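Note that the structure is a prediction, hence the values are computed from the model and not measured. We're numbering straight along the sequence, starting at 1. Only heavy atoms go into these numbers, but all of them, side chains included; no hydrogens, no water, no symmetry mates.
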Amino acid sequence: MDLLPGRPRVLALGEPTHGEDALLELRNELFRQLVEEEGYRTIAIESDCLRGLVVDDHVTSGGGALDEVMEHGFSHEWGAFAGNRELVRWMREYNAGRPASERLRFAGVDGPLEITGAASPRQALTALHACLAAVVDADLLPCTAETLDRLLGADGRWTEPAAMRDPSRSVGRSAEAGRLRLLADGLVALLDAWGPQLIGASSREAWERARLYGRTATGLLRYHHAMADPSPGRMALLLGLRDLIMAENLLAAAERGPVLVHAHNAHLQRNRSRTRMDGLPVEWWSAGALVDARLGAEYAFLATAVGALRHRDVGTPPADTVEGLLYALPRDRFLAGGPGLTALLGSGRPAPRVSPWFGYLPLDPAHVEEADGIVFVKDVPEG
């Protein structure tokens with residue numbers, strides 16, 4: 001906190017790769033300190049926002065057995081990671097016996113997306129419709145539940161894996177999808193206009209959940225529309241829309257109070273994100289950049305860098321890279337920031353580190369100066 005002008009509403013902790021226990025343990029340790037010393041009550045991670053409701057229900061009210069929560073509450077198979085299991089266990093233990101106002105909350109900020117494609121918008125659309133149908137006159141609804149079901153059709157049309165690479169296999173620009181986008185917009189507008197009705201008839205919690213369904217439905221329909229785009233900008237559009245979903249969910253979580261968010265560095269940095277796909281460069285604005293544009297000084301970003309992941313063939317970093325300069329310091333784990341980091345990196349820009357595999361992205365030297373600090377772990381052990 002000494003690196004920052006004040007307590008941020010969103011404190012973003014990035015990571016250069018996923019699934020490393022040492023990095024998840026570091027995140028858990030930081031969250032415990034933020035809870036106990038700084039009053040943070042929410043943690044958000046790069047996982048499916050709808051599945052995250054299963055985890056939030058468990059940690060707040062004890063719903064579901066832990067094994068089931070870990071299986072069904074995370075996307076990307078992240079429920080299998082020991083660090084995530086320990087986080088959920090500790091949050092439930094902390095919340096036991098506490099009043100609702102003091103309980104910790106869990107949020108997934110990613111969309112219902114996987115590398116191979118996107119989910120059907122059915123769950124989000126039908127849940128939003130049901131929330132509204134329970135509190136407003138049927139004449140106000142833009143359609144019936146039966147109309148939604150007919151337009152959605154079989155879920156396999158939406159989840160076709162080949163559509164990720166072949167836009168002609170996507171249903172996202174069909175007449176039915178176009179109609180669904182208009183209906184989703186109408187449902188979200190009705191929720192905005194009649195929000196007080198839903199809060200009064202149910203609770204603010206129910207209203208917040210309905211808003212999540214609305215964001216997810218419109219975000220998924222946008223994403224499917226982009227999947228059907230045959231233009232050269234298709235992948236940049238898809239990556240940007242994914243980060244937009246993450247930014248909107250993160251801003252919503254921050255409405256409740258300060259949040260620690262944990263995701264890949266590329267999603268949380270303030271700069272434009274860059275990668276190469278099929279040998280071509282792709283650029284888009286990260287969720288961190290989008291949230292920073294909204295929150296300004298209330299957004300803070302700590303990038304995480306690692307020296308060696310030898311079990312993943314990431315060896316000792318070259319001395320002229322960011323990771324190499326940090327690796328030369330006689331400490332195993334530390335936070336570098338402010339003038340000390342500037343002095344360490346020197347007047348010239350360090351060389352980029354080459355990644356030996358797709359799952360690990362080293363720090364972009366051009367982005368280091370935009371971070372509020374760098375968390376460095378020298379040697380990441382296996383398991």
Side-chain angles (χ1 to χ4, degrees), residues 8-20 23-24 26-27 30-31 42-52 74-78 81 83-84 87 106-115 118 215-216 219-220 222-223 226 235-254 259-277 281-295 298-306 322 355 358-375:
R9 179 167 290 270
V10 174
L11 177 57
L13 177 67
E15 62 177 358
T17 188
H18 295 310
E20 292 298 331
L23 302 185
L24 296 177
L26 185 150
R27 174 205 65 190
L30 174 60
F31 183 54
T42 300
I43 187 167
I45 74 167
E46 184 188 333
S47 182
D48 183 334
C49 56
L50 297 184
R51 289 192 179 201
F74 293 84
S75 56
H76 315 311
E77 300 181 352
W78 289 351
F81 298 156
N84 287 335
L87 172 69
F106 178 94
V109 293
D110 205 352
L113 308 171
E114 293 284 355
I115 293 174
R215 290 192 305 274
T216 306
L220 273 174
R222 286 192 206 110
Y223 194 89
M235 292 310 301
L237 182 58
L238 287 170
L239 292 168
L241 288 174
R242 180 189 177 194
D243 272 59
L244 177 59
I245 291 172
M246 294 175 67
E248 290 177 343
N249 284 330
L250 184 51
L251 287 166
V259 178
L260 173 69
V261 57
H262 187 241
H264 199 285
N265 286 326
H267 290 304
L268 298 178
Q269 65 196 21
R270 289 185 173 92
N271 311 73
R272 188 178 297 183
S273 296
R274 299 180 178 89
T275 190
R276 296 187 71 85
M277 305 189 78
V282 181
E283 296 186 0
W284 72 100
W285 285 105
S286 69
L290 299 176
V291 173
D292 182 68
R294 290 281 297 275
L295 297 185
E298 290 192 295
Y299 179 76
F301 169 52
L302 300 177
T304 296
V306 299
V322 175
S355 174
F358 179 75
Y360 163 66
L361 291 179
L363 290 182
D364 185 336
H367 294 172
V368 170
E369 60 192 27
E370 297 295 331
D372 294 294
I374 297 177
V375 177

Engineer: Quick one: CG on Leu23 to CZ on Phe81, what's the gap to the nearest 0.5 Å?
Structural biologist: 11.0 Å
Engineer: How about Arg274: does its CZ atom have over 12 heavy atoms from other parts shown lying under 6.0 Å from it?
Structural biologist: yes
Engineer: How close do Tyr299 and Gly288 get, heavy atom to heavy atom, and via which atoms?
Structural biologist: OH-CA, 3.3 Å
Engineer: In Å, rounded to the nearest 0.5 Å, how long is the span from CZ of Arg294 to CD of Glu248?
Structural biologist: 8.5 Å
Engineer: Which value, rounded to the nearest 0.5 Å, describes the distance between Leu24 atom CG and Asn84 atom CG?
Structural biologist: 5.5 Å
Engineer: Would you mind reporting whether Asn265 and Leu361 have side-chain heavy atoms less than 4.5 Å apart?
Structural biologist: no
Engineer: List the atom of Ala266, the atom of Asp243, and the distance in Å for their closest heavy-atom pair.
Structural biologist: O-OD2, 4.5 Å
Engineer: Any side-chain heavy atom of His267 sitting closer than 4.5 Å to one from Ser273?
Structural biologist: no
Engineer: Less than 4.5 Å apart, any side-chain heavy atom of Arg222 and any of Leu244?
Structural biologist: yes
Engineer: What's the shortest heavy-atom distance between Tyr223 and Ala118, and which atoms?
Structural biologist: CD2-CB, 3.7 Å
Engineer: Rounded at 0.5 Å granularity, tell me how far CZ in Arg270 sits from CG in Asp292.
Structural biologist: 4.5 Å
Engineer: Which residues pass the side-chain hydrogen bond (donor to acceptor under 3.5 Å, both in side chains) test with Glu369, sequence neighbours left out?
Structural biologist: none
Engineer: Given 3.5 Å as the limit, does a donor-acceptor pair link the side chain of His262 with the main chain of Gly14, or not?
Structural biologist: no
Engineer: Hey, mind stepping through Ile374 and Val322 against side chain to side chain contact (heavy atoms under 4.5 Å, CB included) and telling me if it holds?
Structural biologist: CA-CA 10 Å; Ile374 297 177; Val322 175; 4.3 Å; yes
Engineer: I would like to know whether Val306 and Glu20 meet side chain to side chain contact (heavy atoms under 4.5 Å, CB included); could you show each step before the answer?
Structural biologist: CA-CA 11 Å; Val306 299; Glu20 292 298 331; over 6 Å; no
Engineer: Are Ser47 and Asp110 packed together at the side-chain level, in the sense that at least one heavy-atom pair is separated by less than 4.5 angstrom?
Structural biologist: no
Engineer: Would you mind reporting whether Met277 and Leu239 have side-chain heavy atoms less than 4.5 Å apart?
Structural biologist: yes
Engineer: Pair Glu46, Met246 - check side chain to side chain contact (heavy atoms under 4.5 Å, CB included), show working.
Structural biologist: CA-CA 8 Å; Glu46 184 188 333; Met246 294 175 67; 3.9 Å; yes
Engineer: For the residue pair Leu268 and Ala263, what are the closest heavy atoms and their distance?
Structural biologist: CD1-N, 3.6 Å
Engineer: Below 4.5 Å, heavy atoms only, C-beta onward: do Ile45 and Phe106 meet side chain to side chain?
Structural biologist: yes
Engineer: Would you indicate whether the side-chain heavy atoms of Leu220 and Leu113 approach each other to under 4.5 Å?
Structural biologist: yes
Engineer: For Thr216 and Cys49, which heavy atoms make the closest approach, and how far apart are they?
Structural biologist: OG1-SG, 3.5 Å
Engineer: How long is the gap from OG1 on Thr275 to CG on Asp364, to the nearest 0.5 Å?
Structural biologist: 11.0 Å
Engineer: Is it the case that the side chains of Arg51 and His76 hold a donor-acceptor pair, with the cut-off being a distance below 3.5 Å and no angle test?
Structural biologist: no
Engineer: Specify whether His18 and Trp78 have parallel, tilted or perpendicular ring planes, treating 30° as the upper limit for parallel and 60° as the lower limit for perpendicular.
Structural biologist: tilted
Engineer: Between Arg276 and Pro281, is any pair of side-chain heavy atoms under 4.5 Å apart?
Structural biologist: yes
Engineer: Just by distance, do the side chain of Arg9 and the backbone of Ala254 share a donor-acceptor pair under 3.5 Å?
Structural biologist: yes
Engineer: What are the two closest non-hydrogen atoms of Asp372 and Ala300, and how far apart are they?
Structural biologist: OD2-CA, 3.2 Å
Engineer: So does Gly359 get a backbone contact from the side chain of Thr17, meaning a donor-acceptor N/O pair under 3.5 Å?
Structural biologist: yes
Engineer: Can you tell me how far the CG atom of Leu302 sits from the CG atom of Leu13, to the nearest 0.5 Å?
Structural biologist: 6.0 Å
Engineer: Are there over 12 heavy-atom neighbours, none belonging to Glu283, within less than 6.0 Å of that residue's CD?
Structural biologist: yes
